[in-house]
Amino acid sequence: MSNSKVRVRFAPSPTGGLHLGGVRTVLYNYLFARHHGGDFVLRIEDTDQSRFVAGAEEYIMQCLDWCGIQPDESPLKPGAYGPYRQSERKPMYAQYAHQLVEQGNAYIAFDTPEDLESMREKYKSEHHNAQYDSRTRAFMRNSLTLSKEAVDTLLANNTPHVIRIKMPVNETLVFTDMIRGEVSFETNLVDDKVLLKADGMPTYHLAVVVDDYLMKISHAFRGEEWLPSAPVHLLLWKYLGWEAVMPQWAHLPLILKPDGNGKLSKRDGERLGFPVFAMDWTDPRTNEATTGFRERGFLPEAFTNMLAMLGWNSGLEQEIFTMEELVQHFSIERVHKGGAKFDYEKAKWFNHQYIQKTDNVRLAELIQPFIADKNVAIEPSKLATVIGLVKERLHLLSEFWDQAGFFFVRPESIDNSAIQAKWTDTTKQFFVLLAEKFAATADWSHDNIELVFNEAVAEAGIKKGEAMLPLRVMLVGGKFGPGVFAIAEQIGKEETVRRIENAIQLLTNS
RNA sequence: GCCGUGUUGGUCAAUCGGUUAAGACGCCUCCCUUUCACGGAGGAAUGACGGGUUCGACUCCCGUACAUGGUACCA
C-alpha cells in the first residue's frame, strides 16, 4: 500500500447536523491527504433508508465549504470511482456478499426479528453474552443449519433473509493502528455481523470495505467507536482477497463533554450554552433548531484551527496555524490516543486571536449577518472603521453589536449609577459648557476634540478625571468601549452634543 | 456481564529511561490604561493506584481502579 497514491475519504451518514467530532475527522483526513499530495474523497453513507433526512447531505457539503475544505471527489464532483453515494452503488455490493457465501465465509440467515429477539433474551439469562456467533448460529435458521433444498425453497419464495459473515473459531486477529499501535481481538468474541440486509442494502461493514477497495482508499481514519468492529472489516478484506491493498487504519479519539465524561453530544451544547454543530441545523422532521459555530460568530479558520489542536499537537509551541501550516506539520502519529474534553473558553480564545489578525474589511463582511436585524443602514467603510476600534474586545463576531451598537444608535438608556455619584452643580455646569464648546468646534478631529475638552475642564475648574467617565457614559451608555474622543469623533459633532444634552436633562430631572 | 481502548495541573498538552515535568486556555496578584479590553510581569495548580524491570522511571512490563466505546438487518 505504501507505494500507491494516498487517498482518504470522509464518509458521513447524512442523518443530521455535522458534529464537532465529524468536522475534526474530515479535517484530519484532509490535512493528511494534502500533506501527502493525495486525494480527499467525500462519500455519502446512506445505506439506511429509514434514516434518510432531507437536506442533510447538502448541509454537510456546505459545512465543508465553510471550513475551507474542498473534496477532490464527491457526489457533486465525481471522479473516476463513482458514484459517491452508497445508495447509488447498491448493485455493487450483493455480488461480493454472494461471493463470500460461495466461499463459505458467509451464510444466508432467515431469522426474523422476533427469532433474534428471543435468542437474545435466552442468552442474556444463560451466558451473559448474547451474540450471533459460532455457537449460536448452529441453532438458528440459516444456510448452515438448513438443507440445501430448504434454503432454495425459502429463497424461491422470496423469504426475507440477510447475509452474515461467518466468524472463524479460535483465531486471534491483529492489526496495526496508526495511532494506537498493535490491537488484537479474539474471533470467538465478535459476532456474525450482517453484511447484506433484507432490503438488499449493505450494512456499513460490507459497504465500507467494498467502497474503500473500489475507491482505492489507502488510509482509513474514523472515530474510535469503530474499533470494536475492525476485526470484521479485517476479515472481509482478507476473504475478498484484497488483503494486500487494505488501507492503513487510524482510529481517532473521541471529543468528550467538558463536564463529567462521555462523548460530546448536541444536548451538552444546549445544556452548557455552546454550539456543537458546525453550522445551524434544523431537523426537517421535528423542526428542532440547533445553533452552529458559524452563526455563533466563529471564523472558519479559528474553528478549524481549534479543532486541529484538539487531539493533535505539532510538538512545537505554536498554536495558531493557517490551514497551509497545518497541512505542512500534520502527522497522524502525533494524534493523541486519549479523548479530549471540549473547552469552549479555549475555542473562544482561538476565535479572538483570529479576529485580531483578520483585516477590518473582511470582518465587516462577516459581521454583516449579525447586524442585519438592527434596522440600521451602515456604510461598509464606517463599519470597518468601528470594527478596528472594538475588535480587540471581541471573542465572537456576534458580540459586535453589544460592543459597538452605540456608534450607530443612540443608547436607549445610560448607566446613571456611574455618573450620579459625581453629579453636582459643578459637573452639570461643566457639561453645559462642554456642549456649547463642542457645538462651536469647527475641527472635529480626535486631537482637537480632546483639546476643546481640556479647555472646558480648565474653565470649569474641575478635575479631568471627574469628567471623563461621565462623558463616556453619556456617549456610550455604559462603562466600556474604546477611547472617548475616538468615539466622539466617530459619531460626529451633532450627535455628541445631542447625547450630552440628553444626558444633562435626564440627570437634572431625576 | 463480556470485549476493546484510554488515564501528565480545572482544560488542551510537551516529554519518546536521567528535565527545576515545557507551553497554551482559564483562574489569582501586580503594572499599563482617567472605562472596558488589549498588552506586560508574576503566582497557584499535574504524572490514578500498587507491584515489578533498571544505577535511574511520567516514560518499559504486570495487576487494580476509574473512565469511555462497542456488544442492531444504525452509522
Side-chain angles (χ1 to χ4, degrees), chain A residues 11-15 45-48 50-51 86 109 111-113 116-117 120 124 127-133 160-164 177 179-180 183-186 188-191 193-205 207-208 222-231 251 253-254 256 258-263 306 309-320 334 336-350 352-353 356 389-395 403 415 418 463-473 476 478-484 487:
Chain A
S13 180
T15 52
E45 308 225 332
D46 55 350
T47 54
D48 188 359
S50 67
R51 297 216 304 169
Q86 290 182 333
D111 315 289
T112 64
L116 295 171
E117 179 81 13
R120 292 196 180 102
K124 205 174 281 178
H127 295 281
H128 282 295
N129 205 10
Q131 53 170 299
Y132 204 120
D133 60 12
H161 60 277
V162 302
I163 292 179
R164 287 179 180 272
D177 184 282
I179 68 190
R180 285 155 211 283
V183 181
S184 68
F185 300 88
E186 296 302 321
N188 291 358
L189 298 167
V190 351
D191 58 6
K193 292 284 181 211
V194 169
L195 265 21
L196 201 68
K197 300 187 255 188
D199 64 3
M201 279 294 220
T203 58
Y204 171 81
H205 306 296
V208 73
R222 59 194 349 181
E224 186 184 351
E225 67 267 29
W226 289 110
L227 205 42
S229 53
H251 290 89
L254 268 13
L256 278 15
D259 60 335
N261 290 296
K263 217 162 42 157
M306 176 274 292
M309 302 310 288
L310 199 60
W312 172 81
N313 185 286
S314 66
L316 307 170
E317 284 192 5
Q318 183 181 353
E319 286 192 281
I320 303 296
R334 288 197 68 91
H336 245 255
K337 293 185 181 73
K341 289 186 183 177
F342 176 65
D343 182 355
Y344 188 50
E345 292 306 316
K346 185 86 186 236
K348 285 198 290 191
W349 176 80
F350 272 103
H352 181 254
Q353 297 298 312
Q356 305 323 305
L389 256 19
V390 302
K391 69 198 289 190
E392 67 192 25
R393 58 210 81 202
L394 297 184
H395 281 76
Q403 286 296 331
D415 182 1
K463 284 183 198 153
K464 198 175 174 184
E466 284 172 27
M468 287 289 273
L469 190 62
L471 176 59
R472 160 177 303 282
V473 176
V476 171
K479 301 197 310 187
F480 62 94
V484 236
I487 294 170

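Per chain, numbering begins at 1; letters A, B, ... match sequence-line order.
Among the nucleotides B:C73, B:U35, B:G26, the one closest to the side chain of A:L469 is B:U35.
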Could you walk me through whether A:R180 and A:L227 pass the side chain to side chain contact (heavy atoms under 4.5 Å, CB included) check? CA-CA 11 Å; A:R180 285 155 211 283; A:L227 205 42; 3.9 Å; yes
I would like to know whether A:M201 and A:Q86 meet side chain to side chain contact (heavy atoms under 4.5 Å, CB included); could you show each step before the answer? CA-CA 9 Å; A:M201 279 294 220; A:Q86 290 182 333; over 6 Å; no
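Residue-level contact check: A:K464 touches the bases, meaning some heavy atom is under 4.0 Å from a base atom. Residue contacts shown for A:A198 include a base, since a base heavy atom lies under 4.0 Å away. Within the nucleic acid shown, A:E345 comes within 4.0 Å of sugar-phosphate atoms alone, with no base atom in reach, counting heavy atoms only. The residue A:D111 sits close to a base: some heavy atom pair falls under 4.0 Å. Within the nucleic acid shown, A:V194 comes within 4.0 Å of sugar-phosphate atoms alone, with no base atom in reach, counting heavy atoms only. Counting any heavy atom pair closer than 4.0 Å across all strands shown, A:F185 reaches sugar-phosphate atoms only and no base atom. The residue A:V183 sits close only to the backbone: its heavy atoms come under 4.0 Å of sugar-phosphate atoms, none of a base.
Spacing between atom CD of A:E392 and atom P of B:C38 amounts to 8 Å, rounded to whole angstrom units. Taking atom NZ of A:K479 as the reference point, atom C1' of B:U33 lies 15 Å away to the nearest angstrom. Counting to the nearest Å, the C1' atom of B:A14 and the CH2 atom of A:W312 are 13 Å from each other. What separates CD of A:Q353 from P of B:C25 is a distance of 8 Å, to the nearest Å. In this entry the distance linking NE2 of A:H352 with P of B:A37 reads 11 Å, nearest Å. The CE-P distance, from A:M309 to B:G23, rounds to 16 Å in whole Å. Separating the CG atom of A:L310 from the C1' atom of B:U11 is a distance of 10 Å, rounded to the nearest angstrom. Here B:U11 presents its C1' atom at 13 Å from CE of A:M306, a figure rounded to the nearest Å.
Distances shown here put a side-chain N or O of A:H336 below 4.0 Å from the OP1 or OP2 atom of B:A14. Look at A:K197 and you'll find a side-chain N or O under 4.0 angstrom from OP1 or OP2 of B:C74. The phosphate of B:G6 has neither OP1 nor OP2 within less than 4.0 Å of any side-chain N or O from A:K337. Close to B:U34, at under 4.0 Å from its OP1 or OP2, lies no side-chain N or O of A:R472. Using a 4.0 Å cut-off, no side-chain N or O of A:R180 falls inside it from OP1 or OP2 of B:G69. Within the 4.0 Å cut-off from OP1 or OP2 of B:A75, at least one side-chain nitrogen or oxygen of A:T47 is found.
Judged by distance alone, with hydrogens and angles left aside, A:K193 brings no side-chain donor or acceptor close enough to the base of B:A72 to form a pair under 3.5 Å.
No more than 12 heavy-atom neighbours from other residues, nucleotides or ligands sit within 6.0 angstrom of NZ on A:K337. Heavy-atom neighbours of A:K464 NZ from other residues, nucleotides or ligands within 6.0 Å: above the threshold of 12.
Residue whose closest nucleotide on RNA chain B sits further toward the 5' end, between A:T203 and A:S184: A:S184. Along RNA chain B, the nucleotide nearest A:G483 and the nucleotide nearest A:P228 are compared for position; the residue whose nucleotide lies closer to the 5' end is A:G483.
Counting only distance, with no hydrogens or angles, the side chain of A:R51 and the backbone of A:D46 share no donor-acceptor pair below 3.5 Å. Looking at A:D111, its side chain never comes within 3.5 Å of a backbone N or O of A:L116 through a donor-acceptor pair. A:H352 places a side-chain N or O within 3.5 Å of a backbone atom of A:E392 that can act as its donor or acceptor partner. A:N313 places no side-chain N or O within donor-acceptor distance of the main-chain N or O of A:R334, the cut-off being under 3.5 Å.
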For nucleotides 41-43 of chain B, list the nitrogen or oxygen atoms of the protein found under 3.5 Å from its nitrogen or oxygen atoms, one pair per line.
none

For nucleotides 66-68 of chain B, list the nitrogen or oxygen atoms of the protein found under 3.5 Å from its nitrogen or oxygen atoms, one pair per line.
none

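The distance from atom CD of A:E224 to atom NZ of A:K263, rounded to the nearest 0.5 Å, is 10.0 Å.
In RNA chain B, the stems built from three or more successive Watson-Crick or G-U pairs (distances below 3.5 Å) are B:1-7 with B:65-71, B:10-12 with B:23-25, B:27-31 with B:39-43, B:48-52 with B:60-64.
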